[in-house]
Amino acid sequence: MKSTKRYEVYRTAIAIAIALALGYILILLSAFPKGDMAFFDKLKSAIKDANDAFRTFLISPVLKHRRGHWVFNLRGFIQWINESVPIMITGLAVSLIFTARHFNIGAEGQLFLGAAIATGAAIYFPSIPIITPIIVILIASMVGAAWSAIPGYLKSKWNASEVVTSLMLNYVALYMGLFIIKTFLRDPNAGQLVSLKFSDSATLFLLNDRYRWHSGILIALALSFALWFVMKKTTWGYKVRLIGNNKHFAYYSGINTQKTFFQVHLLSGAIAGTAGIIELLGYYGRFVWLYSPGYGWDGIIIATLARNNPIYVPVAALFLSYIRVGAKTMGRYTNIPPEMVAILQATIILLVTAEAFLSQMKQRAIEKEAKHTEEAIVGGETNE
Amino acid sequence: MSEYVLEMRNIWKVYPNGVTANKGVNLKVKKGEIHALLGENGAGKSTLMKILFGFERPTEGEIYYNGELVNINSPYKAIELGIGMVHQHFMLVPSLTVVENVVLGMEPRKGLSIDLKKSIEFVENEMNKYGLPVPLKEKVKDISVGMKQRVEIIKTLVRGADLIILDEPTAVLTPQETVELFKALKNLTKAGKTVIFITHKLNEVKEIADRITVLRRGKTIGEAEVKNITEKDMSRMMVGRDVDIEIDKTPAKPGKIVLEAKNLEYTRFDGVKMLKGVNLKLREGEILGIAGVEGNGQTELVDIITGMDKPENGEIFIFGKNMKEADNPYEFRKIGMSFIPADRMLHGVSKEDTIEENLISDRFNRAPFSKKGVLKYNKITEFAKRMIKEFDIRTDGPKTAVKMLSGGNIQKVVVAREFTSNSKIIVADQPTRGIDIAAADFIRRRLVKERDNNVAVLLISSDLTELLEVSDRILVIYHGEFVAHFENIKEIDEQILGEYMLGIKKMSKEEMGDLI
């Protein structure tokens, strides 16, 4: 048990290290200058540029260079934290549903539709401080739950694959959400398709006005802790873990598995539904998306990295947003496209989820340990 | 060349989950003998044979076959060398005929299709050579278990096997079928074949084997000529101490009827009628045993009685309450039933979860294990520690994952939970299958103890010795109906049960009495 856990940590760390090394190589390749220099000079120049770019990539979310000194980069830091909020929340939603071994991958649609409908409330609802944002978030949450209930219901009623139904419903949610914004909530004075501005009291409390550090991070962290508590300490969480690990055993033990599965879909949808509106309330102050923001998919990456454990979700979300913010900054200062971070993400996920990766190392460790224990026993073994 | 056809030297096998199944095992087999590989469940017999047949790679060790060092990295290689294996679970295609099954993968062709005539000739030839008649044109799904096993043996023979491994071949057979099998095995050795026979039944070893090798906890304990060793010595080598398998048991004092099944019918998904109007009455303070060849409706009966499935027709009454409306095992548990399932890994435990979490799966909602929906882990751990002690579960502690335990200890987790739920009815389906003697003995004694506490026990078992030893009454099931009822266990033996199990004999309604 212990050695398995330690091995999971190693595996994640090594996956990240390999991905970063790959990132460096990619940067190096794209930094190769054109022209008729000697190869060695080209290489030298590329290494120098790549080192600069890679350094920017690695540290820009927290440090910046000013007048020959490294100083704290408040703007980068806030951007880092802000970007982690929606993906932290979807990460929680996905890790919950994955714990029950159901693969509802509809978080993207849940958050989009939740945000679109709640936008109406955020614009037109009477402006009461504190109360209004809570109500708006709850509305988004209920929309998310309802949207997630559809594949949940189809699964329990007709055993329809929740993977397919939730995936398809993402498109329905996207176009329905856009329809709502375009038809009812559009700001006719804005130059592009955005909603009207939210009422003043609907927006989230700001921790820093200048760079709009909003309090969404506090909500996300509180949610992480709450979900961790529910999963590890309550009877409901116990049921969910049990049906996820062996639903036949859960049924045999007298647990109503269908009902619990359905509840999981509801709660997961309720969490995912808030991910979009929290970012809109906190940062943009209006609905701004013309297409799916992709946070639902990020949630899958984060749940995978966090091994579906809510307490590790913030760490995984902060890591992912860190390399993304770093890549964006690097993209501003160099001509290396920030999209290269997608290759890093893919590499990490591939290596983390590939069971066989480093499994030989694990097997050797197990064999060594097993033989070691045996040999230790042999000397002292009596009959029984 | 040495006198041994096969030598396995210092074989180690560590599975990916950390279980060490073989710890430096040595095995030597002489040509033309029947060699019994003896050991308790979990001693490493099956693993050793899987290595020999190329299903598993050894972590360490060498195999010499006909004096040559060989590297058996796949079953193909094993077959090529002349090693054949008959598995406990048959590897046959039920919808094909016997002859098609035998030649599958090596069939003589005629154009694009099988040359059936040639195939039959070919198989008949082998069949007669070893005196192993099988019905060649019948479909495999229509023949008996004993026949299927024979088909498996012929399959190995036509592939040129000189060394045949049989993995617990008698576990699925009735006493009559076992006799037939032993005759066939003797014929094989007369024809110069070598047989490795895996078993944990000592009387069989005495009857058929020439030499034995005993394994215990993954190690070779010793080898011997069967004629020089007593059953008692063998059992001591196997278990590591003297075993007393006799259970002291007072006569049952049955009370009122607590469970009644009326006219249960059930049709399986493939249209086969598994239960044809089964009646059953179970009284408190008695152990009712159900005997039968596997697949005669026991699984379906147990599923219905425990609420895992619903009957097509018929009714269940528990403490007089009709369970028609109950559509979840929860209702059955609530009313006072507990259930030891036959497949412990599927239904009995969640292997990824800890021992303590597995012990509370039916009671986590109650005090003292939870309060207002929050689990009380200190109480749970305390309870689990008590269970580990009381049921002698060998483990590091209550927070160990169940998958780290041996089969016997996993079963103890299951029975610890089911025996402590204050139930008045216990349904035990194959409660001792695949576990070591000590654990099995413990569970049997505990069943008798529960009976003495006025609990009603329904015991379904394919181990006839166990049934005869533990039960107060025995019902025999054949083709979805009860064909015999014995209220006086002392008067019957395995042979008698076997005749009813095979459908050779059948009692009339009057003979069976009114407790059915």
Side-chain angles (χ1 to χ4, degrees), chain A residues 1-5 7 99-101 229-260 307-308 355-356 358-378 381-384, chain B residues 12-20 23-24 59-60 217-219 236 239-241 306-308 328-334 339 341 343-354 357-358 360-366 369-377 396 399-401 403-404 417 438:
Chain A
M1 197 66 182
K2 254 180 226 154
S3 71
T4 323
K5 256 192 190 148
Y7 157 77
T99 301
R101 297 277 203 286
F229 182 83
V230 166
M231 294 311 290
K232 301 288 172 186
K233 303 286 176 191
T234 68
T235 53
W236 189 78
Y238 170 79
K239 277 199 277 191
V240 175
R241 280 184 286 136
L242 219 56
I243 61 172
N245 281 338
N246 184 350
K247 63 176 183 221
H248 304 285
F249 172 60
Y251 180 70
Y252 150 90
S253 297
I255 292 169
N256 190 335
T257 49
Q258 294 296 353
K259 194 169 129 195
T260 312
R307 305 296 194 280
N308 300 335
E355 287 281 326
L358 297 185
S359 67
Q360 282 206 333
M361 179 177 103
K362 185 183 173 191
Q363 175 70 10
R364 268 200 298 274
I366 288 170
E367 282 172 8
K368 213 170 132 191
E369 203 177 294
K371 278 196 83 167
H372 191 76
T373 339
E374 273 316 308
E375 274 151 16
I377 295 171
V378 167
E381 197 186 38
T382 55
N383 221 353
E384 286 308 291
Chain B
W12 281 80
K13 176 68 191 178
V14 182
Y15 279 108
N17 64 1
V19 173
T20 313
K23 306 164 185 172
T59 307
E60 214 182 294
R217 296 192 180 176
K219 289 180 191 155
R236 194 178 306 122
V239 186
R241 61 186 164 80
T306 54
M308 299 286 284
N328 191 312
Y330 175 72
E331 308 279 338
F332 288 72
R333 285 186 176 273
K334 206 171 64 180
F339 172 30
D343 188 340
R344 61 175 161 267
M345 298 319 282
L346 185 66
H347 294 117
V349 291
S350 167
K351 66 179 162 67
E352 302 292 334
D353 287 304
T354 61
E357 285 173 325
N358 271 281
I360 57 158
S361 69
D362 64 331
R363 63 198 72 168
F364 65 93
N365 260 328
R366 296 199 294 265
F369 306 107
S370 66
K371 204 174 147 186
K372 293 187 177 140
V374 177
L375 293 166
K376 297 274 167 207
Y377 266 105
D396 304 345
K399 309 254 186 225
T400 304
K403 67 176 173 192
M404 303 305 286
R417 185 183 59 231

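So that the names make sense, note that chain A is the first sequence line, chain B the second, and so on, each numbered from 1.
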Exercise for review: Please look at A/K239 and chain B and tell me whether the side chain, the backbone, both or neither of the residue comes under 4.5 angstrom of a heavy atom of that chain.
Suggested key: side chain
Review point. If every non-hydrogen atom of A/R241 is compared with every non-hydrogen atom of B/D353, which pair is closest and at what distance?
Key: O-OD2, 4.3 Å
Point to revise | Portion of B/N358 that has a non-hydrogen atom of chain A nearer than 4.5 angstrom | key: both
**Study point:** Top of B/M308, B/K13, B/R333, B/K372 for chain A proximity - count of heavy-atom pairs under 4.5 angstrom
**Key:** B/R333
Study note, to complete from the structure: So CD1 of B/I360 and OH of A/Y238: to nearest 0.5 Å the spacing works out to 4.0 Å
Check your understanding: Hey, what do you get for OH (A/Y251) to NE2 (B/H347), rounding to the nearest 0.5 Å?
Key -> 9.5 Å
Point to revise | Polar side-chain atom of B/D362 near backbone of A/G254 as donor-acceptor pair, under 3.5 Å | key: no
**Study point:** Donor-acceptor contact present, side-chain A/Y252 to main-chain B/F339, <3.5 Å
**Key:** yes
**Study point:** chain A interface, residue from B/K334, B/E331, B/E357 that has the most non-hydrogen pairs under 4.5 Å
**Key:** B/E357
Practice item. Can you tell which part of B/R363 gets under 4.5 Å to a heavy atom of chain A, answering side chain, backbone, both or neither? Key: neither
Practice item. Mark yes or no for whether A/N245, through its side chain, and B/K351, through its backbone, hold a donor-acceptor pair below 3.5 Å. Key: no
Study note, to complete from the structure: Taken to the nearest 0.5 Å, the spacing of B/N328 CG from A/T257 OG1 works out to 7.0 Å
Exercise for review: Please report the shortest heavy-atom distance between B/V349 and A/N246, naming the atom on each side.
Suggested key: O-ND2, 2.9 Å
Point to revise | Engaged part of B/Y377 at the chain A interface, taking heavy atoms whose separation is under 4.5 Å | key: side chain
Check your understanding: What closest approach, in Å, do B/S361 and A/L242 show between heavy atoms, and which atom pair accounts for it?
Key -> CB-CD2, 4.0 Å
